Every structure is written in structure tokens, then in C-alpha cells.
Q: 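Before we start, here is the structure in question, set down as C-alpha cells.
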Number of protein chains: 2
Amino acid sequence: MKLKDLAEHLQLSQTTVSRALNGYPEVAEETRRRIVEAARRFGYTPNAAARRLATGRTGSVAILFPAERNLLVDPHFSDFLAGLAEKFGEADMDLSLKATRKTEELDTYRHLATMGRVDGFIVSSPRSHDERLSLLAGLNMPFAVHGRSQDGLDFPYFDIDNEGAFRQATELLLDLGHERIALLNGIRELNFAQAREEGFRLALAGRGLSADPELIFNGPMVEEMGYRQTCHLIDRPAPPTAVLAASVLLAFGAYRAARDRGLTIGRDISIIAHDDGLPFLKAETLEPPLAATVSSIRNGGYRLAEILLGRIAGKPASELQEVAPVDLVFRPSVGSARK
Amino acid sequence: MKLKDLAEHLQLSQTTVSRALNGYPEVAEETRRRIVEAARRFGYTPNAAARRLATGRTGSVAILFPAERNLLVDPHFSDFLAGLAEKFGEADMDLSLKATRKTEELDTYRHLATMGRVDGFIVSSPRSHDERLSLLAGLNMPFAVHGRSQDGLDFPYFDIDNEGAFRQATELLLDLGHERIALLNGIRELNFAQAREEGFRLALAGRGLSADPELIFNGPMVEEMGYRQTCHLIDRPAPPTAVLAASVLLAFGAYRAARDRGLTIGRDISIIAHDDGLPFLKAETLEPPLAATVSSIRNGGYRLAEILLGRIAGKPASELQEVAPVDLVFRPSVGSARK
DNA sequence: CCCTTCTCCCAAAGCGCTTTGGAGAAAGCA
DNA sequence: TGCTTTCTCCAAAGCGCTTTGGGAGAAGGG
């Protein structure tokens with residue numbers, strides 16, 4: 001059943017039926033009721049392709065990820081994706097997932113954009129200077145970024161206060177008397193890792209200290225990484241008294257390392273992490289409970305979806321930039337530095 | 001730049017240009033060359049919405065997942081998804097991801113189908129009797145199932161030989177003298193878990209043994225689960241001498257439990273698992289290396305995507321049913337039963 | 001009572017592509 | 001040479017919806 005049939009059956013024009021169904025004001029309430037009722041009875045649903053062609057809106061957005069490094073197995077990314085999927089689902093928009101080789105990444109953006117296959121893009125894991133942003137801006141394609149970038153562009157984004165979070169966490173450790181603090185961080189190229197390191201450095205500088213490059217590690221945020229680096233750290237001549245980790249996954253590895261080495265967490269070594277709220281690995285249920293700066297990454301996906309929708313609806317970028325504050329939750333995995 | 005402009009510029013009709021670009025035979029090679037060249041020069045790309053409307057094909061497929069139980073954080077699912085995304089990307093099809101509440105699941109399928117928003121669906125985690133299959137069959141919507149189902153329907157699917165794999169693995173353990181064998185399995189409702197249990201039972205029955213219900217566990221396939229159940233098992237009065245796990249994640253937990261209890265894996269307790277080839281957790285690099293039945297789940301996604309594409313292209317279901325054999329790889333995590 | 005302003009609805013023009021049904025020219029056949 | 005095929009290409013009809021530009025009649029204003 002198509003619009004034409006429905007209109008004929010109601011003895012009305014397609015125009016009126018279309019307007020009634022789309023909630024335009026220029027149709028009498030009584031008529032609208034009749035139309036809506038008939039549409040329901042006949043199970044009429046507008047054809048998506050026709051609507052797309054007529055309106056120029058596709059009702060879908062895309063997110064690309066590198067095919068070789070399978071981001072999907074990174075639970076941080078998956079959880080973020082779940083937040084996106086939830087919001088876009090609510091808005092009845094399609095979220096399409098694209099695996100693409102690094103070398104073809106920009107072409108894929110361009111391809112999808114010029115074919116008019118999407119209304120916008122979600123850009124994740126921005127690097128400090130990211131070609132994708134200028135490309136999309138140049139194509140005049142709406143996009144929203146998870147995180148920020150140093151490019152001078154004015155674009156919509158959602159980010160958490162990574163710098164502030166790590167500054168606070170570091171200050172907490174400093175207040176507890178720690179001076180040799182290690183940082184287990186994400187991959188250096190990614191913007192959020194840089195912000196976190198910056199917060200770490202700022203806190204140290206505030207006390208007249210400077211970061212020891214030997215205590216800073218960058219790498220993938222997986223358990224194994226946390227384990228290995230912490231083992232190294234503990235085995236040093238002057239091991240750090242505290243570890244600041246960029247993910248609960250890293251902290252989890254650090255826990256394992258501390259146990260292996262017979263250290264009591266919270267007493268012999270303090271551990272604090274950033275907690276993205278991954279559902280299967282809760283900071284509060286670790287033993288001992290893990291102190292953390294918390295901010296749900298899934299919720300971030302949800303918010304970022306709202307932001308992209310706002311952008312597509314025409315809001316200016318300046319109104320679509322959000323930096324969520326991060327709470328610091330104290331738990332027994334941190335204690336005062338042993339003298 | 002649209003088709004019309006291009007045609008006018010070339011002094012040809014839209015028909016000819018369209019045909020040339022889509023590889024139809026009724027256009028002279030020389031003309032085609034000119035057209036293709038001009039299209040490239042002007043950067044012409046056909047508009048997706050218009051093409052969709054004209055052809056009736058949307059160029060996109062969808063996969064739904066339950067919003068409450070976030071399947072995305074399950075690495076088995078994510079890796080499967082990566083395989084799908086890869087193949088659909090190669091075919092230049094959109095793969096759209098939909099979070100949906102369980103109660104609205106069927107409606108969402110219907111909604112997307114009747115609006116003509118997708119050409120087909122990927123159905124994952126089928127239950128033994130699954131309403132989704134009959135709904136989609138009734139809507140006359142192409143779909144492809146990851147796994148099988150007991151419904152009498154004839155539909156395209158990709159599955160691995162779960163029953164055979166677990167029969168083989170169990171037989172291996174039996175050959176090594178094990179008689180008290182525990183099974184750590186996935187959630188009971190899911191078809192693959194049933195097939196695995198069936199294989200397990202068949203192998204036992206082949207030796208005149210029957211499965212001890214107290215040694216069979218169903219649950220989510222996560223590390224924690226493997227750990228907890230294995231602890232219970234080891235603490236029993238007559239602990240099993242071998243454990244058969246449905247995932248490397250479960251086996252990983254079993255390893256941890258065995259170590260905690262001071263057991264040597266491969267000597268005091270044998271462990272064997274099904275290995276989906278998750279990239280971050282390799283059976284061969286565990287200590288000791290884990291014996292396993294192997295079959296890449298990512299590859300399964302890739303194959304299933306091919307199958308759905310075949311279905312959309314009109315192939316009959318009977319030609320699109322694949323059961324991949326599973327290899328059994330012997331490694332030191334299994335040894336003969338201690339007398 | 002006439003004129004303006006709403007209110008409610010309509011006809012028709014796109015949106016940009018594919019595809020049907022020919023038609024003219026060139027080539028093959030007798 | 002006359003006639004049938006085969007090659008190439010074209011005009012135009014959709015695909016099913018939204019939206020523009022009115023228009024008729026009712027309501028309100030002076």
C-alpha cells in the first residue's frame with residue numbers, strides 16, 4: 001500500500017495525507033484523525049527510499065573503523081558503540097558500521113558523502129591533527145567527534161575532561177604523599193591520551209615535581225599491557241609507590257602484577273584508574289575496590305549521537321561542544337605512601 | 001553533478017550514460033570509454049537515494065541486538081560483527097546496527113522491512129525455536145542465520161559443526177582415560193550450546209557413559225564464569241579430571257581456578273575448549289598452550305555476509321546452507337587421566 | 001455588505017536514477 | 001538489390017514521496 005492508494009481510498013489528495021502523517025499544521029484535526037486511523041488500519045508505512053529522494057535526508061549515519069586493527073574487540077569502543085546505537089535507534093536513524101583499510105579511509109568517507117548515503121558521520125579516536133576532520137568539513141558533511149583535536153576547526157564534539165580527571169587523580173596521590181607515580185596510558189597518538197598525560201604533568205608541576213619519563217607508558221589498553229608494565233615497574237630499583245592507569249583494564253593487569261609480586265594493593269602500592277563504566281569489569285567489585293575517575297563511555301556514545309543529530313538538524317557547532325566533568329571516587333586501592 | 005548534466009555534456013541520453021556506467025552490454029565500447037572517462041573527470045557519483053528508489057534495492061542490511069544485554073561487549077559477537085563489516089564493506093553494502101529492546105524486537109524487524117529500509121537481515125544467536133525466523137520468512141525478507149534452529153524452516157545459514165567438535169573433544173578426553181568430565185557451556189537457550197551438549201553426550205554414550213548433570217554448567221561465556229564454576233568443580237568431593245569449555249574465555253577462567261587451587265594443568269586437570277579465534281586471547285599462547293577445537297568466528301561473519309548477499313541476489317536457500325567443519329588441535333593442556 | 005484574512009485542501013512539479021519499448025543505422029544474407 | 005538482424009542509442013515513463021504555489025470557502029473586520 002502506497003501513499004497514492006491511501007489517498008484515493010480516503011478521497012483526499014496525496015498532499016493532505018502526507019502532511020497529516022508528518023504532523024504539518026495545515027490540516028484539520030478531524031481530517032488528520034481519519035487519515036491516521038486509516039493509515040494504521042491498512043498498515044501503511046512510507047517507503048524509505050522515496051522519502052529519502054524527496055527530502056534529501058537519508059536517515060542514516062556512519063562510523064568507520066580500521067579493518068586491520070579490529071577496534072570492535074576493544075570493549076571501550078564496543079560500549080561506546082552501544083550508546084550510539086541506542087540513541088540512533090530511538091531517533092529511528094540507521095547507524096552503519098564500516099570496516100575500512102587505513103589507506104582507503106579518506107576515500108570511504110568521500111565515497112559515502114558524495115553518494116549521499118549518509119547524513120553524517122561519527123568520528124572516533126581522533127588524533128591530534130586529524131585529516132578526517134578537515135576532509136569532512138570541506139565536504140560540508142555533518143560530523144561529530146568523540147574527543148577533541150588540536151586542529152583549529154570548529155566542530156561538534158563530546159569529550160570528557162581527561163586533563164582535569166588525571167590532574168585530580170594525580171593530586172590525590174600527591175596529597176597522600178606519593179612522589180614516584182607511574183602513568184599507564186593509551187596510545188600516544190590519540191588525543192585523549194595526551195590530555196591525560198598533560199593533566200598528570202600539571203599536577204606534578206603544581207608541586208614543583210616533574211614527570212619521570214621512565215614511569216610513563218603508552219600502549220593498547222588491555223589487561224596484558226597493564227600486567228606487563230606493572231611487573232617492570234615493580235622490579236625497578238626504586239619502584240613507584242603509585243600507579244595511575246588510563247583504563248580499568250590496565251588497572252586489572254596492574255592488580256595481577258601486584259599480587260604476583262606479593263604486594264598489598266592500597267598499602268604497598270596504590271592504584272587508581274579511569275573507569276569508563278565497562279559493564280563486565282566494575283571498579284567497585286575488584287578486590288580491593290579500585291579508586292577511579294568515572295565517566296560512562298556508553299553514555300558518551302549516547303550524548304555524541306544527540307550531538308550529531310543536532311548538527312544534522314542544523315544547529316551551529318558552537319552549541320554542540322560538550323566536555324563532561326569526571327568524578328573522582330575514592331576507594332581502598334589507594335592509601336598513603338609508605339615512609 | 002548529476003546524470004542529466006553528465007549526459008548533456010556528452011551529448012548523449014541519460015539512458016546511455018546510465019547503461020555505460022552500470023556495465024550493460026548495449027553500448028559501444030568506444031562510447032563507454034568516453035563516458036567513463038568523463039564521469040571520472042567530473043567526479044560524478046550516482047545518488048544513492050535515487051538509485052534505491054529506481055531499483056528497489058537499498059544496498060543495506062541490518063543486524064539487531066538486544067539493548068538491555070549489551071551483546072556488543074561480548075567479544076564473540078564483536079569479532080563476528082567485524083567479519084560481517086568486512087565483507088559488506090567489500091560489497092559496498094551498508095551494515096546497520098540496531099539496538100532494540102526485547103519487547104520491541106519483532107516490531108523493529110517488521111518496521112525496517114515494510115519501510116523498505118534494508119535488503120536483508122543477519123540473525124544472530126538463534127534460539128531453538130525462534131519467532132524471528134518465521135516473521136522474516138512471512139515478510140518475504142531475505143535473511144541469514146548465524147547458527148541453526150529447530151524450526152522446520154528452510155533458510156540460509158552458516159554454522160560450525162558444534163556437535164561434531166564437542167563429540168571429538170570429548171572422545172579425545174575419553175581416549176586419555178578421563179571419565180569425570182565437566183562441561184562449561186553457553187546459555188542453554190542458544191542453539192549452539194545445545195548442539196555442543198549433544199556432542200558431549202553422544203561421545204559419552206558411545207562409551208556406555210552418561211553425562212552427570214552436576215558437571216554441566218550453562219551461563220555467559222566470560223572469564224569470571226569459568227573461574228567460579230571451575231573452583232566449585234575442583235572443590236567437589238570427586239572433582240572432574242577434565243574440563244571441556246565452550247570458549248577460550250571460560251577456559252581462561254578455568255586456568256586461573258586451577259592455579260589458585262595449586263593444580264597443574266595438563267597433569268592434575270585437563271582443559272580443552274572451543275576457540276573462536278578471538279584476537280586478544282590466543283589459545284596457543286596460554287601457559288600451558290590450550291588444546292582446542294578451532295574455528296574463526298570472524299571468518300564465520302565473513303561467510304555469513306556472503307551467504308546473505310547470495311540470498312539477496314536470489315539464490316535458493318538450499319544452496320546457502322553451510323556447516324563448517326571444526327579442527328581439533330592437541331596441545332599440552334590435556335594429558336592422560338591420573339590413576 | 002464588501003473586502004481581507006485564515007483555514008483547509010489540491011494539482012502538479014520535482015527528487016535523480018533505471019528501464020521499457022522503440023528507432024535509425026549498419027551489417028549480414030540471399 | 002531488397003530484406004532481416006544486430007548494434008547503438010534515445011525519449012519517456014516510472015519509482016513513491018515531499019513541497020511549492022495556489023484556490024475555494026468560511027470567518028472576521030470595517
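Just so it is clear: chains get the letters A, B, ... in the order the sequence lines come, proteins before strands, and each one is counted from 1. Given the structure is predicted, the values throughout are model-derived calculations rather than measurements.
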Q: The side chain of A/R19 lies closest to which of these nucleotides: C/dC9, C/dT18, C/dG16?
A: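 Shortest atom-to-atom distance from the side chain points to C/dC9.
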Q: So, B/S149 and B/D130: side-chain donor and acceptor under 3.5 Å apart, yes or no?
A: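 Short answer, no.
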Q: Pick base, sugar-phosphate or nothing for A/Q11, based on heavy-atom distances below 4.0 Å to the nucleic acid.
A: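 It contacts sugar-phosphate atoms only.
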Q: Can you confirm whether more than 12 heavy atoms, excluding those of B/E104, are under 6.0 Å from its CD atom?
A: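 Above 12, so yes.
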Q: A/D5 CG to D/dC17 C1': how many Å, rounded?
A: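 Whole-Å distance recorded here is 13 Å.
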Q: Starting at CD of A/E29 and ending at C1' of C/dT7, how long is that distance when rounded to a whole Å?
A: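 Taking atom C1' of C/dT7 as the reference, CD of A/E29 is at 13 Å.
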Q: Whether the B/Q321 and B/D154 side chains hold a donor-acceptor pair (N or O, under 3.5 Å, no angle test) is what I'd like checked.
A: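 Looking only at side-chain atoms, B/D154 and B/Q321 do form a donor-acceptor pair, the distance falling under 3.5 Å.
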Q: Between B/Q14 and A/A49, which is nearer to the 5' end of DNA chain D once each is assigned its nearest nucleotide?
A: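 Mapping each residue to its closest nucleotide by heavy atoms, the 5'-most match is B/Q14.
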Q: Roughly, in whole Å, what's the span from CZ in A/R32 to C1' in C/dT7?
A: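 Taking CZ of A/R32 and C1' of C/dT7, I get 13 Å after rounding.
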Q: For B/R34 and D/dT8, give me the distance from atom CZ to atom P, rounded to whole Å.
A: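 Distance check: B/R34 CZ to D/dT8 P gives 14 Å.
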Q: Do A/T15 and A/S18 have side-chain atoms, one donor and one acceptor, less than 3.5 Å apart?
A: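 No, because no side-chain N or O of A/T15 sits under 3.5 Å from a partner of the opposite role on A/S18.
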Q: What is the distance, rounded to the nearest whole Å, between atom NZ of B/K4 and atom P of D/dC10?
A: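 Computing the B/K4:NZ to D/dC10:P distance gives 15 Å.
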Q: Going by modelled atom types, is there a donor-acceptor pair between the base of D/dT19 and the side chain of A/T15 at under 3.5 Å?
A: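 Under the 3.5 Å cut-off, the side chain and the base do form a donor-acceptor pair.
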Q: Could you check which of C/dC8, D/dG16, C/dC17 has an atom nearest any side-chain atom of B/Y44?
A: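 Shortest atom-to-atom distance from the side chain points to C/dC17.
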Q: Between D/dT8, D/dT19, C/dT18, which one does the side chain of B/L3 approach most closely?
A: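 Closest nucleotide among those given: C/dT18.
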Q: Just wondering, more than 12 heavy atoms not from B/H9 lying within 6.0 Å of its NE2?
A: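 Open.
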Q: Grab the CG-C1' distance between A/L6 and D/dT18 for me, whole Å please.
A: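 These atoms are roughly 15 Å apart.
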Q: Phosphate oxygens OP1/OP2 of D/dT8: is one of them under 4.0 Å from a side-chain N or O of B/Y24?
A: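 Indeed not, no polar side-chain atom of B/Y24 lies that close.
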Q: Tell me whether the side-chain N/O atoms of A/T55 come closer than 4.0 Å to OP1 or OP2 in D/dT18.
A: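 Checking D/dT18 against A/T55, no side-chain N or O comes under 4.0 Å of OP1 or OP2.
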Q: Over how many whole Å does the gap from A/R117 atom CZ to C/dC17 atom C1' extend?
A: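 Going from A/R117 (CZ) to C/dC17 (C1'), I get 15 Å.
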Q: Consider the side chain of B/A54, meaning its heavy atoms from C-beta on, and name the nucleotide among D/dT8, D/dT19, C/dT18 that approaches it most closely.
A: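 Closest of the options to the side chain of B/A54: C/dT18.
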Q: Can you figure out which of D/dT8, C/dC10, D/dT18 approaches the side chain of A/L12 most closely?
A: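 So the side chain of A/L12 is nearest to C/dC10.
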Q: Report the nucleotide, chosen from C/dC8, C/dT18, D/dC9, that has the shortest atom-to-atom distance to any side-chain atom of A/A28.
A: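 Out of C/dC8, C/dT18, D/dC9, the nucleotide with an atom closest to A/A28's side chain is C/dC8.
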Q: For this output row, return yes or no: ring centroids of B/H146 and B/Y157 closer than 6.0 angstrom.
A: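 When the ring centroids of B/H146 and B/Y157 are compared, they turn out to be at least 6.0 Å apart.
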Q: Side chain of A/K2 only, please: which of C/dT19, D/dA11, D/dG16 is the nearest?
A: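 Nearest nucleotide to the side chain: D/dG16.
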Q: Rounded to the nearest Å, what distance is computed from the CD1 atom of residue B/I35 to the C1' atom of nucleotide D/dC9?
A: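 After rounding, the gap between these two atoms is 10 Å.
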Q: By nearest atom, which of the nucleotides C/dT19, C/dC8, D/dC17 is closest to the A/A50 side chain?
A: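 The closest nucleotide is D/dC17.
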Q: When you measure from the side chain of B/T16, which nucleotide among D/dC10, D/dT8, C/dA11 comes out closest?
A: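 Closest nucleotide among those given: D/dC10.
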Q: Should B/N22 be listed as having a side-chain N or O under 4.0 Å from OP1 or OP2 of C/dT18?
A: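 Yes, such a contact exists.
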Q: Heavy atoms from C-beta onward define the side chain here; which of D/dT8, D/dT18, C/dC15 lies closest to that of A/L53?
A: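 Per side-chain heavy atoms of A/L53, the pick is C/dC15.
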